[in-house]
Participant: 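Got a structure for you, questions after.
A quick note: this is a predicted structure, and the numbers were derived from the prediction, not measured. Just so it is clear, the values below take in all heavy atoms, side chains as well, and ignore hydrogens, waters and symmetry mates. So you know, we letter chains A, B, ... as the sequences are listed, proteins then strands, and number each from 1.
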2 protein chains.
Amino acid sequence: MKHLQTLQYVDTIARVGSIRKAAETLFITSTALNRRVLALEEELGVPIFERLPRGVRLSAAGEILIHHARMQMADMERVQSQIADLSGVRRGHISIVCGQALLAYFMVDHVARYRQQHPGVTFSVSVCNRADAISALSNYDADLAIVFEPVRTPDFHPIGSVPQAIQAIMSAEHELTKKSELTWSDILSAKLILPTRANGVRHLLEEALAKKGGELNTVIESDSFDFIRNYIVSENCISFQIPIGLPKKSDKSSFITRAIGINAIPHGHVFVGQMNGRALPVAASLFANELIKSLENLDPRSNN
Amino acid sequence: MKHLQTLQYVDTIARVGSIRKAAETLFITSTALNRRVLALEEELGVPIFERLPRGVRLSAAGEILIHHARMQMADMERVQSQIADLSGVRRGHISIVCGQALLAYFMVDHVARYRQQHPGVTFSVSVCNRADAISALSNYDADLAIVFEPVRTPDFHPIGSVPQAIQAIMSAEHELTKKSELTWSDILSAKLILPTRANGVRHLLEEALAKKGGELNTVIESDSFDFIRNYIVSENCISFQIPIGLPKKSDKSSFITRAIGINAIPHGHVFVGQMNGRALPVAASLFANELIKSLENLDPRSNN
DNA sequence: CGTAGCGATGCAATAAATGCATCGCTACGT
DNA sequence: ACGTAGCGATGCATTTATTGCATCGCTACG
């Protein structure tokens with residue numbers, strides 16, 4: 001949209017921190033971009049950016065403006081999507097951030113299903129931790145966030161959730177496979193490979209630790225579930241994952257899952273959420289509804 | 001603001017219903033304005049206006065757009081006011097709609113007092129009935145509405161209120177001045193001059209009538225309280241008003257007020273409200289706070 | 001102490017918006 | 001029934017705004 005171009009420019013400058021660099025990514029000359037900034041500052045009567053030797057940084061006024069600008073741009077997208085919806089076509093773009101566990105199977109399924117019904121809708125799906133997911137919503141970088149045990153902030157507005165019990169995963173040779181359900185002392189006694197602290201599963205585990213005491217025998221920490229999954233067949237240790245993040249029964253070849261007693265580690269929840277107070281574009285809103293409906297029908301014990 | 005000019009233009013066209021007429025009020029040629037519309041429609045891919053033989057009317061897409069446009073413009077005003085507030089100066093414009101009763105003394109006082117503290121803030125104060133007040137909020141024509149017994153809609157967000165007992169007013173010669181408090185049968189027996197049905201006082205009176213029965217002896221109906229106030233000295237009839245709408249004790253020369261039994265007519269409430277979900281400019285927000293503080297300190301019986 | 005990277009600015013080139021005159025259309029009044 | 005007034009659309013010339021180039025002054029970095 002033409003009339004938002006300047007705001008778009010300002011947004012880019014704020015993100016990259018320099019007018020010249022921003023000009024490159026926007027495919028215009030730095031002169032033109034600089035002049036836009038100066039004109040806007042003239043209009044507002046105050047500088048939007050502080051000039052630093054190596055670039056620019058938002059001033060206090062700029063912070064206020066940029067928040068408005070991002071809101072305006074997101075709202076215009078919503079307007080365009082609503083207008084497009086009037087003419088029957090469902091078009092638009094949905095930007096999603098979600099935790100690693102949710103991305104691999106759950107999001108793949110749902111995005112594919114939605115795209116089958118609405119080929120005009122494009123997606124961007126990014127993986128990130130719980131804290132970054134919320135800030136992506138606040139910056140209007142993402143329309144929806146799907147996370148396990150989200151950070152509680154006023155900016156995050158949950159619109160659907162499903163409880164998820166943490167499960168232990170291990171190789172078929174591990175001695176704990178003999179038990180059908182693991183206790184807290186089983187966990188304490190085992191060698192563990194855990195996701196990093198930004199992860200929701202890890203968070204729940206740390207909470208249980210604080211409450212129940214003991215010491216975790218954490219031999220490896222990794223932010224890649226792929227690494228974890230492949231590693232447990234190489235060394236005799238166990239890790240944890242939520243059911244929604246595990247492949248379906250049929251292809252579960254390389255490792256074994258075991259339930260964990262509800263007394264050992266409490267259930268967590270997967271949340272679908274958006275930024276508080278924001279009106280989503282038509283496509284994103286519909287997609288969110290379908291996600292939630294799917295979550296509601298999801299029995300946590302059905303895909304163990 | 002430059003980048004909102006086209007939206008401002010579209011808003012004006014939508015209001016006056018014709019590109020040429022709008023062009024006159026905007027002091028530009030119809031050509032330029034027409035071209036803006038065409039360019040915007042080109043961008044959106046759909047017509048914003050339906051072309052009629054005598055002008056234009058918003059299309060369905062236009063309705064969506066205009067709502068967005070008004071929101072954007074109001075929000076930009078808020079941003080500007082917040083930015084101005086950063087440099088210490090309190091500037092801006094506050095647009096208020098309120099009922100006739102509230103305008104004459106209450107609003108005069110408060111606007112004057114606020115302007116004394118903040119000379120940089122300008123006001124527009126319009127009188128209108130309760131229903132129009134709410135729609136003015138919805139259209140972003142007004143920042144605040146102060147009304148007696150407002151219409152209940154989701155768009156109206158009350159942010160403060162004070163109970164107000166309806167009082168009877170009459171000339172000093174009226175026989176009901178002998179009583180210190182009027183009953184329902186006193187009211188039924190008297191000749192009445194009433195405000196029109198759009199008025200909140202009248203609304204409360206009609207409610208009481210529906211509940212208690214009887215027949216009002218309405219000899220004159222007028223939407224002007226000036227007319228009513230002057231008329232009651234000419235013919236021997238009574239009317240009604242809320243305390244907040246009456247002059248202070250000292251200058252109350254031409255007519256007499258009498259309380260009405262709480263059993264006869266229940267108390268109503270004066271509300272200060274804004275549009276639901278909208279962020280007000282700094283000045284408007286502060287003014288609203290002062291209004292509310294003043295309402296809270298207002299004892300309904302103190303200025304009888 | 002030179003150099004590289006930054007934002008600001010004068011001046012010319014380019015692109016965009018505007019204004020005028022005019023077209024075709026429809027409803028309204030006579 | 002028909003002229004007319006009012007409307008939006010459009011081609012063309014003009015004015016205005018935007019952009020690009022070259023260059024300045026500045027500061028941190030090596």
Participant: May I have the distance from B:E41 (atom CD) to D:dT10 (atom P), rounded to whole angstrom?
Facilitator: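 Checked: the CD to P distance equals 11 Å.
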Participant: Does the protein touch nucleotides 13-18 of chain D at the base, only the backbone, or not at all? Give it as B, S and - per nucleotide, heavy atoms under 4.0 Å.
Facilitator: -----S
Participant: Report yes if at least one side-chain N or O of A:R51 is closer than 4.0 Å to OP1 or OP2 of C:dA8; otherwise report no.
Facilitator: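 For C:dA8, OP1/OP2 do have a side-chain N/O of A:R51 under 4.0 Å.
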Participant: Grab the CG-C1' distance between A:L52 and C:dA8 for me, whole Å please.
Facilitator: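 Those two atoms, CG and C1', are 15 Å apart.
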Participant: Indicate whether any N or O donor in one side chain lies under 3.5 Å from an N or O acceptor in the other, for B:T12 and B:Q8.
Facilitator: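 Yes - a donor-acceptor pair under 3.5 Å links their side chains.
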Participant: In whole Å, what is the span from the CD1 atom of A:I28 to the P atom of C:dG7?
Facilitator: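 Between P of C:dG7 and CD1 of A:I28: 12 Å.
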Participant: What is the distance, rounded to the nearest whole Å, between atom CD of A:E24 and atom C1' of C:dG5?
Facilitator: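 One finds 11 Å between C1' of C:dG5 and CD of A:E24, rounded.
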Participant: Can you tell me the distance, in whole Å, between the CG atom of B:L26 and the C1' atom of C:dA17?
Facilitator: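 Distance, rounded to whole Å: 16 Å.
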Participant: Backbone N or O of B:G92 within a donor-acceptor pair of the B:S81 side chain at under 3.5 Å?
Facilitator: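 Pair absent, no side-chain N/O of B:S81 close to backbone of B:G92.
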Participant: For D:dC26, give the paired nucleotide (Watson-Crick: N1-N3 plus N6-O4 or O6-N4; G-U: N1-O2 and O6-N3; both under 3.5 Å), or none.
Facilitator: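 When the pairing criteria are applied, C:dG5 turns out to be the nucleotide that pairs with D:dC26.
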Participant: For B:R20, answer base if it contacts any base atom (sugar-phosphate contacts may also be present), sugar-phosphate if it contacts only those atoms, and nothing otherwise; contact means non-hydrogen atoms under 4.0 Å.
Facilitator: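 Result for B:R20 = base.
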Participant: By the 4.0 Å heavy-atom rule, please label A:V37 as base, sugar-phosphate, or nothing.
Facilitator: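 It contacts nothing in the nucleic acid.
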Participant: Nearest heavy atom decides the nucleotide; on that basis, is B:P53 or A:L33 closer to the 5' end of DNA chain D?
Facilitator: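 Checking each residue's closest nucleotide, the 5'-ward one belongs to B:P53.
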Participant: Mark yes or no for a side-chain to base donor-acceptor pair under 3.5 Å between B:R54 and D:dG8, with no hydrogen or angle criteria applied.
Facilitator: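 Between D:dG8 and B:R54, which were checked side chain against base, a qualifying N/O pair under 3.5 Å is absent.
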Participant: For B:A284, does its backbone N or O pair with a side-chain atom of B:D143 as donor and acceptor, under 3.5 Å?
Facilitator: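 The answer is no, because no donor-acceptor pair under 3.5 Å joins these two groups.
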Participant: For a quick check under 3.5 Å, do B:T6 and A:H3 share a side-chain donor-acceptor pair by atom type?
Facilitator: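 There is no such pair between these side chains.
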Participant: B:L38 CG to C:dA16 C1': how many Å, rounded?
Facilitator: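 The distance from CG of B:L38 to C1' of C:dA16 comes to 15 Å, rounded to the nearest Å.
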Participant: Return the value, rounded to whole Å, for the distance between atom CD of B:E50 and atom P of D:dG8.
Facilitator: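 About 14 Å, once rounded to whole Å.
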Participant: Counting only side-chain nitrogens and oxygens, does A:N34 get under 4.0 Å of the OP1 or OP2 atom of C:dG7?
Facilitator: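 For C:dG7, OP1/OP2 do not have a side-chain N/O of A:N34 under 4.0 Å.
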Participant: Quick test of your reading of the model: are A:E24 and A:R20 salt-bridged, counting only N-O distances below 4.0 Å?
Facilitator: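 Looking at A:E24 and A:R20, the cut-off is not met.
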Participant: Is it the case that the base of C:dC20 and the side chain of B:T31 share a donor-acceptor contact (distance under 3.5 Å, atom types as modelled)?
Facilitator: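 Checked by distance alone, the answer is yes.
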Participant: Just N and O in the side chain of B:K21: are any of them under 4.0 Å from OP1 or OP2 of D:dG6?
Facilitator: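 No, because none of the side-chain N or O atoms of B:K21 sits under 4.0 Å from OP1 or OP2 of D:dG6.
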Participant: Please report, rounded to the nearest Å, how far the P atom of C:dG7 is from the CD1 atom of A:I48.
Facilitator: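 Answer to the nearest Å: 15 Å.
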Participant: Using purine N1 to pyrimidine N3 plus N6-O4 or O6-N4 for Watson-Crick, or N1-O2 and O6-N3 for G-U wobble, both under 3.5 Å, which nucleotide pairs with D:dG20?
Facilitator: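 Check on D:dG20: paired to C:dC11, both distances under 3.5 Å.
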Participant: What does A:S18 touch in the nucleic acid at a heavy-atom separation under 4.0 angstrom: a base, only the sugar-phosphate, or nothing?
Facilitator: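 The residue A:S18 makes sugar-phosphate contact but no base contact.
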Participant: Less than 3.5 Å apart, any donor N or O on the side chain of B:T196 or B:D223 sitting next to an acceptor on the other?
Facilitator: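 There is no such pair between these side chains.
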Participant: Do side-chain atoms of A:E41 reach the backbone of A:I48 as a donor and acceptor pair under 3.5 angstrom?
Facilitator: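 Here the side-chain-to-backbone pair exists.
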Participant: Ignoring hydrogens and angles, answer whether the base of D:dG8 and the side-chain atoms of B:R35 contain a donor-acceptor pair closer than 3.5 Å.
Facilitator: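 Donor-acceptor pair under 3.5 Å: no.
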Participant: Does the D:dG8 base have a donor-acceptor partner in the side chain of B:R57 within less than 3.5 Å?
Facilitator: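 Answer is no: no donor-acceptor pair is held.
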Participant: Does either side chain, that of B:Q117 or that of B:R90, offer a donor lying less than 3.5 Å from an acceptor on the other one?
Facilitator: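 No.
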